[in-house]
Protein chains: 2
Amino acid sequence: MATRGPRKKTAEKPRYHHGDLRQALLEASLALISEEGFGALSLREVARRAGVTHAAPYRHFADKEALLAAVAEQGFRTMTARMKERMARETTPEGRLGACGVAYVLFAMEHASHFRVMFGPHFTQPLHLGTSDGDADAFGLLVASITECQRAGVVREGEPQVLALTCWSLVHGLASLLVDGKLRGSGISTLAQAEALAGAQTRLLVRGLGRSSGD
Amino acid sequence: MATRGPRKKTAEKPRYHHGDLRQALLEASLALISEEGFGALSLREVARRAGVTHAAPYRHFADKEALLAAVAEQGFRTMTARMKERMARETTPEGRLGACGVAYVLFAMEHASHFRVMFGPHFTQPLHLGTSDGDADAFGLLVASITECQRAGVVREGEPQVLALTCWSLVHGLASLLVDGKLRGSGISTLAQAEALAGAQTRLLVRGLGRSSGD
DNA sequence: CCTACCGATCGGTAGG
DNA sequence: CCTACCGATCGGTAGG
């Protein structure tokens, strides 16, 4: 017994069943925010939900901000992927531009916790935002779409970044209002309603962005 | 001494020097959010800043949500007033519509803490939002402006609420991105820059909202 | 990845 | 409006 105990203690005890505590912590964070709100997010509660003691997360994240940065990065990757998927189904430049915006709004509704972390007032430092990483560069995708529309002659000349910022404002505003529940009084709550609304708003704006004889 | 003590105790002791602890608590809340971020807001710290013990706020607010509701209501009043002021300077319906949106964005920048409380994911109950109070009904003002534009023939037919929601999305998105510091990388930080940007975006959208021969 | 511990803050209430 | 108190949670670290 004396020789068996110590040997087994270090050999047979499985460290973490899932094998990927880091990912488990990210998922626990999202579930927590979605169920209890952002204010309830603490490293201790996240650890609790992931089934480890409150000191374990520090093996993977220096602090709460580092955890949130990882959540945000994952969110930008997913959002960019959704945008690409939806744009790929379209056959015209303006169709792709609209799809880009609709995907943004749908992502926000389907991943509200991700959206809150990505665009909330957290983060003391800029959080590269994916400008260095194509798979997470949602804004770059939008700018490219605008440029494509300009080349096709369906959107006016001008700095694509400035026009893109206008598109971003529109869909970000709608997404924020939806995620924060400000449109419940207007009877908008389902994904399908949000999709229709985002499509209508996007079309109105693209119309304003178009070339006109008088401009 | 035996008769003097008790009498004076209830008569001469000033309760609260400012005379309006309620207002002092609202101001302390805004200062706290603006200096330390929303996450740092606690009733205790608010009380501390107002110079009273942490039990005092409960004389004015049942809990934190009640305090925040009062902050939000004050914010909606101020925002609506700013919109009216700026609209009054315009001479055309479309000018007033644009001014309405620009005022929204400027209010957000100048009163970021108010804006965060007003549109954040707090509040378990709807928070009347001023639909019953004309002095705080910013959305009603926007709808009225849209209606005026329709009557003047500068905005297409259609449910004014739906068109108003599109305008709201645009300015709410720009305001949110600015308040949450997401446009610092784009070099936009001053009030004047925000005003110019809001004006340009609003004009693009109003153009899209206009009547066209093809629609 | 865990146990055990630190100092600190919090919301809320009793009772005056 | 204050004092004194409650139970609970938190971020973070030592040390293994």
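The chains referred to below are lettered A, B, ... by the order of the sequence lines, with proteins before strands, and numbering in each begins at 1.
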- Message: Run the salt bridge (charged side-chain N to carboxylate O under 4.0 Å, His left out) test against B:E195 and tell me which residues pass, sequence neighbours left out.
- Response: B:R86
- Query: Which word best sums up how the rings of A:W168 and A:F139 line up, parallel for under 30°, tilted for 30 to 60°, or perpendicular for over 60°?
  - Reply: tilted
- Message: Applying a 3.5 angstrom cut-off to the pairing atoms, does DNA chain D sit in any stems of at least three consecutive Watson-Crick or G-U pairs? List them by first number.
- Response: C:1-16 with D:1-16
- A:S42-A:E45 side chain donor-acceptor pair, cut-off 3.5 Å: no
- Message: I need the CG-C1' distance between B:L21 and D:dC1, as an integer number of Å.
- Response: 9 Å
- Note on the structure: For nucleotides 9-14 of chain D, 5' to 3', base contacts (B), sugar-phosphate-only contacts (S) and non-contacts (-) with protein non-hydrogen atoms under 4.0 Å give -BBBB-
- Message: Angle between ring planes, A:F115 versus A:H172, binned at 30° and 60°: parallel, tilted or perpendicular?
- Response: tilted
- Contacts of B:E85 meeting salt bridge (charged side-chain N to carboxylate O under 4.0 Å, His left out) (sequence neighbours excluded), chain-then-number -> B:R82
Quick one: side chains of residues 62-69 of chain B, donor-acceptor pairs under 3.5 Å with protein atoms, not counting sequence neighbours, listed by atom name and distance.
residue	atom	partner	partner atom	Å
B:D63	OD1	B:E65	N	3.2
B:D63	OD1	B:A66	N	3.0
B:K64	NZ	B:L41	O	3.2
B:E65	OE1	B:T124	OG1	3.4
B:E65	OE2	B:T124	N	2.9
B:E65	OE2	B:T124	OG1	3.2

- Task: Please collect all ring-ring contact (aromatic ring centres under 6.0 Å, His included) contacts where either partner lies in residues 174-198 of chain B, sequence neighbours excluded, each pair once.
- Result: none
- Query: Less than 4.5 Å apart, any side-chain heavy atom of B:Q23 and any of B:Q74?
  - Reply: yes
- Whole angstrom value for the distance that separates C1' of C:dC1 from CG of A:L25: 12 Å
